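Encoded as structure tokens, the structure appears first; notes follow it.
In this text the structure is predicted, and so the values were computed from the model without any measurement.
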Amino acid sequence: MPNNYTYTYTFTAIINYWKLIITTNVINIMDYNVYLLATDPNNPCRDVIHSRDTGLKIRVYCLTEDRFTPTESEIQLYGYANAKLYAFETINITADDSLDVVGAIQWYADYIEFPEMEILPEDPRGSQNIAM
């Protein structure tokens, strides 16, 4: 089972899954994507997930509090955590970064201490884009 290590700087960075493989006198370190979180101190629902190693950025919206209108050229995914509905929208997505989107959202779910968040491909509210 991977371990999570937490570091606090101006923004929070969590190393998400360092796995040590120890074999006869050889230690291999397999690292996975490292994500950083930019937060707005005035609005806790305006987080942005950044990949340290790629150009991936994902804006987080709390749909129970914020209006959200999806951008056609971006990827949107949704998830419930702690009775809140979240929308996750990429920022200037590239083909190379698209494979890491779900991993970044899973990292965020761990960060907000709701690792069982189900990631949904469509807005479960239907065609609404207003706060509940």
Side-chain angles (χ1 to χ4, degrees):
M1 172 135 264
N3 293 319
N4 290 332
Y5 300 94
T6 304
Y7 299 92
T8 303
Y9 297 101
T10 306
F11 51 87
T12 301
I14 294 183
I15 309 300
N16 186 26
Y17 301 128
W18 281 93
K19 188 187 285 184
L20 295 177
I21 299 174
I22 302 173
T23 56
T24 313
N25 297 328
V26 177
I27 298 176
N28 295 318
I29 298 178
M30 296 175 57
D31 64 328
Y32 295 85
N33 284 337
V34 175
Y35 299 102
L36 310 172
L37 188 65
T39 60
D40 181 344
N42 298 320
N43 186 347
C45 283
R46 296 298 266 164
D47 294 337
V48 178
I49 304 165
H50 294 260
S51 172
R52 182 193 69 180
D53 301 319
T54 69
L56 179 64
K57 291 183 217 156
I58 301 171
R59 187 174 314 276
V60 180
Y61 296 89
C62 297
L63 297 183
T64 53
E65 301 169 20
D66 291 335
R67 290 183 65 94
F68 173 65
T69 303
T71 305
E72 272 189 46
S73 60
E74 300 295 340
I75 296 171
Q76 298 85 27
L77 295 170
Y78 303 85
Y80 282 102
N82 300 317
K84 286 186 180 179
L85 176 60
Y86 292 87
F88 301 91
E89 183 174 61
T90 58
I91 301 170
N92 299 320
I93 190 71
T94 64
D96 292 339
D97 295 334
S98 62
L99 297 175
D100 297 329
V101 173
V102 171
I105 295 170
Q106 289 171 331
W107 172 86
Y108 186 79
D110 286 340
Y111 173 80
I112 62 171
E113 299 180 358
F114 204 86
E116 63 273 13
M117 175 191 286
E118 181 181 2
I119 300 170
L120 306 169
E122 295 181 11
D123 189 339
R125 302 172 304 162
S127 62
Q128 301 176 31
N129 65 357
I130 58 173
M132 290 189 202

*Say you draw a straight line from CD of Glu113 to CG of Asn82; how long is it, rounded to the nearest 0.5 Å?*
8.5 Å
_side-chain contact (heavy atoms from CB on, under 4.5 Å) partners for Ala109, two or more places apart_ = Met117
*Can you tell me if Ser51 uses its side chain to pair, donor with acceptor, with the backbone of Leu56 under 3.5 Å?*
no
*Can you check whether Tyr80's main-chain N or O pairs, donor with acceptor, with Glu118's side chain at less than 3.5 Å?*
no
*Applying side-chain hydrogen bond (donor to acceptor under 3.5 Å, both in side chains), name anything that partners Tyr108, two or more places apart in sequence or on another chain.*
Asp47
*asked:* Working to the nearest 0.5 angstrom, can you tell me the gap between Glu116 CD and Asp110 CG?
replied: 9.5 Å
*Looking only at heavy atoms, what is the nearest atom pair of Leu36 and Trp107, with distance?*
C-CH2, 4.3 Å
*asked:* Using every non-hydrogen atom in the two residues, find where Tyr61 and Arg67 come nearest and quote the distance to one decimal.
replied: CD2-O, 4.2 Å
*Rounded to the nearest 0.5 Å, how far apart are OH of Tyr78 and CZ of Phe68?*
4.5 Å
*How close do Glu89 and Thr69 get, heavy atom to heavy atom, and via which atoms?*
OE2-O, 4.4 Å
*First locate atom CG of Leu63, then atom CZ of Arg125, and finally report the distance between them rounded to the nearest 0.5 Å.*
4.5 Å
*Nearest-0.5 Å distance, CG of residue Leu120 to OH of residue Tyr86*: 14.0 Å
*Distance (rounded to the nearest 0.5 Å) between Arg46 CZ and Asp66 CG*: 5.5 Å
*Might you point out which heavy atoms bring Leu77 and Ile105 nearest each other, and give the distance in Å?*
CD1-CD1, 3.7 Å
_According to side-chain hydrogen bond (donor to acceptor under 3.5 Å, both in side chains), who are the partners of Ser98, at least two apart in sequence or on a separate chain?_
none
*Taking all atoms of both residues into account, what is the closest heavy-atom pair of Asn92 and Glu74, and its distance?*
N-OE2, 2.8 Å
*Write down the atom of Ala104, the atom of Ile49, and the distance for their closest heavy-atom approach.*
O-CD1, 4.0 Å
*Do Val48 and Val102 share a hydrophobic cluster, counting only Ile, Leu, Val, Met, Phe, Trp and Tyr and linking them when any side-chain heavy atoms are less than 4.5 Å apart?*
no
*So do Thr94 and Thr54 actually touch side chain to side chain, heavy atoms under 4.5 Å?*
no
*Between Thr90 and Asp97, is any pair of side-chain heavy atoms under 4.5 Å apart?*
no
*Consider only side-chain heavy atoms of I, L, V, M, F, W and Y, link residues closer than 4.5 Å, and tell whether Ile91 and Ile75 are in one cluster.*
no
